[in-house]
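Presented below is the structure to which this report refers.
Residue numbering restarts at 1 for every chain, and letters A, B, ... go by the order of the sequence lines.
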Number of protein chains: 8
Amino acid sequence: MDECIISVILGSKSDLEMIQPCLDVLTEFSVSYELKILSAHRQPRRLVRYINETSKRKVKVFIAAAGGAAALPGVIAAHTTLPVIGVPVETRSLKGIDSLLSIVQMPGGVPVACMAIGKSGARNAALFALQILALNNKKIADRLAIFKRRLSKPVK
Amino acid sequence: MDECIISVILGSKSDLEMIQPCLDVLTEFSVSYELKILSAHRQPRRLVRYINETSKRKVKVFIAAAGGAAALPGVIAAHTTLPVIGVPVETRSLKGIDSLLSIVQMPGGVPVACMAIGKSGARNAALFALQILALNNKKIADRLAIFKRRLSKPVK
Amino acid sequence: MDECIISVILGSKSDLEMIQPCLDVLTEFSVSYELKILSAHRQPRRLVRYINETSKRKVKVFIAAAGGAAALPGVIAAHTTLPVIGVPVETRSLKGIDSLLSIVQMPGGVPVACMAIGKSGARNAALFALQILALNNKKIADRLAIFKRRLSKPVK
Amino acid sequence: MDECIISVILGSKSDLEMIQPCLDVLTEFSVSYELKILSAHRQPRRLVRYINETSKRKVKVFIAAAGGAAALPGVIAAHTTLPVIGVPVETRSLKGIDSLLSIVQMPGGVPVACMAIGKSGARNAALFALQILALNNKKIADRLAIFKRRLSKPVK
Amino acid sequence: MDECIISVILGSKSDLEMIQPCLDVLTEFSVSYELKILSAHRQPRRLVRYINETSKRKVKVFIAAAGGAAALPGVIAAHTTLPVIGVPVETRSLKGIDSLLSIVQMPGGVPVACMAIGKSGARNAALFALQILALNNKKIADRLAIFKRRLSKPVK
Amino acid sequence: MDECIISVILGSKSDLEMIQPCLDVLTEFSVSYELKILSAHRQPRRLVRYINETSKRKVKVFIAAAGGAAALPGVIAAHTTLPVIGVPVETRSLKGIDSLLSIVQMPGGVPVACMAIGKSGARNAALFALQILALNNKKIADRLAIFKRRLSKPVK
Amino acid sequence: MDECIISVILGSKSDLEMIQPCLDVLTEFSVSYELKILSAHRQPRRLVRYINETSKRKVKVFIAAAGGAAALPGVIAAHTTLPVIGVPVETRSLKGIDSLLSIVQMPGGVPVACMAIGKSGARNAALFALQILALNNKKIADRLAIFKRRLSKPVK
Amino acid sequence: MDECIISVILGSKSDLEMIQPCLDVLTEFSVSYELKILSAHRQPRRLVRYINETSKRKVKVFIAAAGGAAALPGVIAAHTTLPVIGVPVETRSLKGIDSLLSIVQMPGGVPVACMAIGKSGARNAALFALQILALNNKKIADRLAIFKRRLSKPVK
């Protein structure tokens with residue numbers, strides 16, 4: 001399934017633990033991904049250069065996690081027409097409500113798909129990316145169907 | 001472009017004006033869609049029946065707008081593995097912060113892609129759906145590229 | 001008191017500790033109940049099937065606890081005309097304000113009786129269910145009167 | 001259906017318009033009710049006297065609407081073991097989030113069933129009261145079933 | 001200074017630690033006080049009886065601390081024309097914002113003087129009570145002046 | 001009743017309409033007051049000079065209304081040991097939640113008695129000041145008792 | 001005073017009315033400025049190109065106003081070491097609390113100086129820019145001193 | 001670089017740990033600063049006296065950190081036309097949202113430059129002060145350019 005590449009970008013190295021459930025799902029579904037730490041505020045040029053390159057490679061979906069004044073997902077969306085999924089990182093003081101509003105309240109014209117704050121959001125970002133890819137990938141679609149069935153099993 | 005069907009579901013008839021920017025974008029891109037008013041709380045069986053049927057037809061993406069205890073997008077996501085995009089409707093008292101949290105804070109396993117509160121979110125829901133479809137539809141991809149270029153023109 | 005059945009439904013296994021004060025009160029009052037873990041988002045069909053069955057059995061009141069985009073109480077209320085009591089679970093990031101708004105802000109036509117966030121709410125959910133049953137059950141009414149009197153004793 | 005009395009108490013005369021949907025539902029279901037304006041802060045003795053009297057009459061459920069530091073539903077609940085349903089009134093500055101928290105965050109031992117802020121909550125308070133009464137009133141139960149069916153009709 | 005009595009009322013035994021800074025200040029100023037645990041929701045009659053008695057004794061100011069749906073200060077204010085000072089207790093989930101709004105948003109006609117959430121508020125409740133008493137008590141006024149001067153000393 | 005002087009200070013001329021209920025109550029009770037417009041941020045020296053003077057005159061209580069970063073009540077409290085009552089003014093964007101937190105969250109050592117946001121708070125500020133004065137003024141105490149009785153009359 | 005150039009950037013044409021108090025102050029102080037409408041999300045390349053050019057011209061301070069997911073001030077700060085002042089625009093649903101958090105919660109390393117929401121913030125952005133320039137411009141410093149004195153005049 | 005003096009003022013001794021990142025940056029850039037603990041509420045006269053003195057010395061920028069009803073930055077701004085940078089301190093109950101609103105919502109005419117809550121804000125306060133000084137100090141400007149370049153290095 002090498003042809004399906006997802007680009008996962010973190011605003012900070014400290015977000016690594018929080019994004020793990022996202023990476024786990026991608027690994028579980030054998031979908032190849034690329035993990036980058038590129039802050040919209042600290043490495044803006046490097047970030048744009050990276051986005052431009054990916055558009056020439058096989059990246060189909062972006063997943064971006066950031067906290068506080070979380071500009072990362074929106075800045076990626078500003079530079080691409082590929083789907084961008086945003087994951088708000090829980091912050092120390094405001095618990096991620098700042099990250100959430102900074103990601104979800106995008107202006108008309110530049111959509112970002114916002115997930116829940118924290119690890120549930122990280123996991124769902126991967127699943128949502130897979131749901132997008134599954135529209136044209138029978139293998140992923142089949143695996144998602146199995147995943148869905150397993151999810152609906154009774155809890156003991 | 002008949003093959004691309006988007007299902008737009010509203011929780012209430014009163015959300016019609018707010019969803020208009022979404023429908024306008026879909027019309028502008030000549031992507032066919034189906035508009036339904038089906039509340040997760042008032043017509044739950046009818047809603048599930050409708051979701052099940054669409055999975056047999058050519059629906060590829062759901063857009064769902066709801067306000068208050070906005071269960072609609074999550075309930076759709078519970079019954080499908082197709083991508084579901086949620087639009088929080090502005091509410092009278094809490095201005096949509098209730099709708100936003102009810103849509104975005106989904107548990108791990110069942111993703112919903114949340115947009116901004118209100119008309120910007122409605123417009124972006126359509127654009128995000130198009131970005132998904134564009135991954136395998138050259139025509140839509142080309143039009144999105146043109147849209148993006150026009151968007152970046154200087155404002156006078 | 002076998003004739004009084006209360007159905008207690010949790011959105012997640014992790015809510016078990018939080019719902020304990022509810023179960024304790026029901027046990028203390030010798031009112032029989034049934035505890036189920038059924039997510040509105042993960043086991044939607046199983047949940048609806050269960051609600052339908054209970055309506056044929058002797059269930060009189062539902063108590064539902066859920067966190068985040070807490071659709072569970074509302075989805076139950078959508079499928080029954082029995083009273084549904086909702087308990088918002090404290091969440092990691094937003095501390096249950098998301099759960100609270102997702103449960104309390106129900107649209108007109110489909111009521112859910114919302115309790116406080118967390119363990120106080122869990123305990124009160126049981127007491128409120130008992131207050132409902134007490135309207136036609138002298139034994140429970142008498143016990144509630146005793147409980148009320150004990151509650152009003154001076155604190156030492 | 002004279003035997004079913006619901007007591008509807010408002011914290012202020014200015015809440016009359018907001019409670020109308022509640023009264024309309026009760027009238028529609030031919031359930032007799034009593035409407036009182038009794039502030040927990042301005043007429044505390046009169047309020048307690050009234051609650052004590054009702055317990056000797058045929059009142060079975062209380063519905064209480066109040067705004068701001070909305071102590072009314074909780075104070076009623078403090079003086080009765082009958083079910084108390086609270087409706088948060090939208091306030092000028094804080095839009096009812098103050099009323100909501102003052103009503104819903106009750107301590108363990110003294111439950112209040114909180115509805116949504118404003119008119120939806122008012123309407124649902126009546127419906128929830130009816131759902132309680134329906135447990136032992138076939139007529140109301142039948143009418144609720146009809147109401148539920150009508151609610152689930154497709155929206156045109 | 002026996003003639004100056006302050007009545008300190010807590011909504012719950014668990015608020016004892018939080019109110020300590022209040023008691024410490026009163027002790028430091030040698031102002032006699034009475035500490036009671038009387039919940040507006042659990043011991044409503046006992047509470048009203050106590051307020052009525054104090055009005056016959058030498059109580060001049062009430063200090064009331066409560067959390068969540070914190071009706072206590074408002075209920076005291078409903079039964080007296082003596083000054084009532086409210087201290088919002090920090091709550092587990094909502095951190096006292098529920099307590100704060102339940103205490104501060106009193107309706108016109110029944111004032112409560114709200115302090116900060118938690119221990120700072122507890123300490124200031126005592127100081128504010130002393131400022132009130134100082135208007136007609138030279139000893140307290142002199143001590144407050146000394147306290148104020150000490151407070152303004154440079155921090156090392 | 002010339003001997004009872006209350007100093008009412010507004011942070012801005014635009015707060016005049018909002019403070020009217022406060023002035024009306026003082027007039028109704030024939031308690032003399034002084035109204036000043038003195039911003040803590042724009043006229044800091046003039047404000048401090050005024051506070052210092054009042055301490056030499058017969059001012060016994062300060063009432064201060066301010067909006068946004070509402071430093072006024074706290075700054076007055078910093079310069080006096082007389083009781084300071086703060087009234088949060090409703091603001092355009094944040095509706096007074098900013099004013100409320102700026103006034104109520106005072107540090108230990110410097111109390112401000114916070115009232116509700118807006119006109120109810122303004123009215124209660126006057127009543128609370130009267131409650132303070134009534135502790136040593138039989139006339140005001142008697143009038144407050146009459147006011148309280150009138151308040152508790154049934155609402156028609 | 002041609003040598004002092006301030007660059008004022010708006011995220012949207014609709015912010016023009018709100019920024020007027022800022023422009024008025026700059027005009028009043030005869031400080032030349034340049035007004036641009038450049039969205040961080042819609043014209044990202046044009047924006048960066050503009051920032052890069054200004055660094056070669058005489059721009060000394062940036063003022064940036066944006067609403068919702070207000071990335072603009074942060075993106076400018078990412079590309080320059082000149083001082084960036086951010087003004088949160090009031091938004092329809094969330095009243096600017098989203099804009100405020102998106103601007104103020106910047107990560108360590110990339111400061112943005114955040115002003116109040118709306119027109120007060122717009123006016124203060126200009127004044128703060130002037131305070132910066134005044135450190136090395138006697139004329140501006142003198143005019144600020146006059147402005148300050150006028151501000152402290154008594155309000156009639 | 002003796003000629004560049006920054007005055008760092010804390011509202012409380014307990015803010016010392018939180019301001020450390022600010023002091024570290026200033027030390028790293030060899031910019032001399034003066035650290036004072038002066039509460040706007042506890043040492044108001046001492047604070048004003050200090051501000052007046054600094055205006056005669058070489059202080060060019062103020063950095064003020066405070067929590068809760070955080071009047072400090074605004075009070076400094078009221079007494080000077082030098083730039084004032086405010087850092088909201090995280091508070092126990094409200095996590096600094098009270099400090100943030102008390103600092104950022106300044107009225108028109110008296111600007112304060114607000115940074116993020118907590119240590120990121122402390123660090124950025126120093127950097128923003130340096131950006132101001134850099135406008136007329138080539139050494140600081142050069143060091144900031146180096147700092148910016150280092151910041152943009154890839155994260156490993």
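Scanning all heavy atoms of the two residues, the minimum distance from Val59(B) to Ser7(B) falls at CG1-CB, 3.9 Å.
For Ala77(C), no part sits under 4.5 Å from any heavy atom of chain B, backbone or side chain. Neither the backbone nor the side chain of Leu100(C) comes within less than 4.5 Å of any heavy atom in chain B.
Among the candidates His79(C), Met106(C), His41(C), the residue making the largest number of heavy-atom pairs closer than 4.5 Å to chain B is His41(C). Contact count against chain B (heavy-atom pairs under 4.5 Å) is highest for Pro44(C) among Gly67(C), Ala71(C), Pro44(C). Of all the listed residues (Thr91(C), Leu101(C), Val75(C)), the one sharing the greatest number of non-hydrogen pairs under 4.5 Å with chain B is Leu101(C). The most heavy-atom pairs under 4.5 Å with chain B, out of Gln105(C), Arg42(C), Arg45(C), come from Gln105(C). Your options are Gly11(C), Ala78(C), Ser99(C), and the one with the most heavy-atom pairs under 4.5 Å with chain B is Ala78(C).
Side-chain contact check for Val110(B) versus Val84(B): every heavy-atom pair is 4.5 Å or farther apart. With contacts defined as side-chain heavy-atom distances shorter than 4.5 Å, the pair Ile9(B)/Tyr50(B) qualifies. At least one side-chain heavy atom of Phe29(B) sits under 4.5 Å from a side-chain heavy atom of Leu144(B).
A salt bridge is defined here as a Lys NZ or Arg NE, NH1 or NH2 lying under 4.0 Å from an Asp or Glu carboxylate O, and Glu17(C) with Lys119(C) meets this definition.
In this structure, the side chain of Ser102(B) engages the main chain of Asp98(B) through a donor-acceptor pair within 3.5 Å.
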